[in-house]
2 protein chains.
Amino acid sequence: MVVDQLREDELDRLFQAFADSTRRDIVRRVTVGEYSVSGLAALYAMSFAAVQKHVAVLERASLVTKEKRGREQIVRGNHEGLQKARRLLDEYEAIWRQRVDRIADILAEG
Amino acid sequence: MVVDQLREDELDRLFQAFADSTRRDIVRRVTVGEYSVSGLAALYAMSFAAVQKHVAVLERASLVTKEKRGREQIVRGNHEGLQKARRLLDEYEAIWRQRVDRIADILAEG
DNA sequence: CTGATCTACAACCATTTGGTTGTACGATAG
DNA sequence: CTATCGTACAACCAAATGGTTGTAGATCAG
């Protein structure tokens, strides 16, 4: 086994990151606009530290990047993670379509 | 707030379900072939009960369905969950493209 | 310089997660 | 009928998750 452990871990982190509505909202916002960590924190009914942790989870998943600007840390959307997640789901969709085609073939044969 | 709590919870469950390599493998397998719960359990280095729990997580996320056949429970892939997950990532991709277009516009103006 | 702001990080807590073993029960094979 | 198989479910455990408060270091405004 141990097919491609690095990629598997990467995908674990990616989907785990998406599995929280606050984090999904952060991703949407930082894709459209520019936010510091505290700018984001102001949007949610939770502590600054909690939002900071959410951003860290997104960063580890390559869904956002942080860039220091003065005393602020600007959070930006990172297309890389999103693309990887989409690519995986596209693979699954392809497997599904192959399966449907195969069943169609069997029906055509019979 | 409380935009669409049901959908948010649904998405939480969906991405949470994808955030585990064993579960991703189960989804792939049951999309292609037919497996009972114990048939799946035989594939992994963990207990039957553990696999049973993974299947339950996938079922709650609408990624698989179970169907009783004699004393076996047949697990099958369910396109519904996969589609919903893909749809969300497509939305994010669209947001990203809009952002890129907007930047292009600004550059064109300037 | 001083005070306010932004961030990082540690420590703590409750709940969830991913695993285990054990028990029980319906369905099937012999 | 009896033994076995496939499943369900409870109880338990360690680790991870999602939140909190508190402390401390940079950076900026006045």
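This one's a predicted model, so the numbers in the text were calculated from it and none came from an experiment. The sequence lines fix the lettering, A, B, ..., with proteins before strands; numbering per chain opens at 1.
- We find that B:Glu34 and B:Arg69 are joined by a salt bridge, their nearest charged nitrogen and carboxylate oxygen being less than 4.0 Å apart.
- C:dC6 atom C1' lies 13 Å from atom CG of A:Leu40, rounded to whole Å.
- Remark: A:Asp105 does not engage A:Arg102 in a salt bridge, criterion side-chain N to carboxylate O under 4.0 Å.
- Taking only side-chain atoms of B:Ser36, from C-beta outward, the nucleotide of D:dC5, C:dC6, D:dT7 with the closest atom is D:dT7.
- Checking the phosphate oxygens (OP1, OP2) of C:dT5, no side-chain nitrogen or oxygen of A:Ser38 falls inside 4.0 Å.
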The contact string for nucleotides 9-22 of chain C, one letter per nucleotide 5' to 3', using protein heavy atoms under 4.0 Å with B, S and - for base, sugar-phosphate only and none, comes out as B-B------SBBB-
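- Summarising the geometry, the separation between CD on B:Gln73 and P on D:dT7 is reported as 7 Å, rounded to the nearest angstrom.
- Each of A:Gly70 and B:Ile74 was matched to the nucleotide of DNA chain D holding its nearest heavy atom; the match closer to the 5' end belongs to B:Ile74.
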Determine, stepwise, if the pair A:Thr31 / A:His79 fulfils side chain to side chain contact (heavy atoms under 4.5 Å, CB included).
CA-CA 9 Å; A:Thr31 299; A:His79 203 202; over 6 Å; no
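- Remark: A:Leu14 CG to B:Phe15 CZ distance equals 10.0 Å, nearest 0.5 Å.
- Remark: P of C:dC6 and CD of A:Glu72 are 6 Å apart, rounded to the nearest angstrom.
- Tested against B:Glu10 for a salt bridge (charged side-chain N to carboxylate O under 4.0 Å, His left out), the candidates B:Lys84, B:Arg60, B:Arg87 yield a single pass: B:Lys84.
- Distance A:Arg71 CZ to D:dT27 C1': 6 Å, rounded to the nearest Å.
- Taking atom OH of A:Tyr44 as the reference point, atom C1' of D:dG18 lies 15 Å away to the nearest angstrom.
- A donor-acceptor pair is defined here as one N or O able to donate and one able to accept, closer than 3.5 Å; such a pair exists between the side chain of A:Gln73 and the backbone of A:Lys68.
- Under 4.0 angstrom from either OP1 or OP2 of D:dA8 there lies at least one side-chain N or O belonging to B:Lys66.
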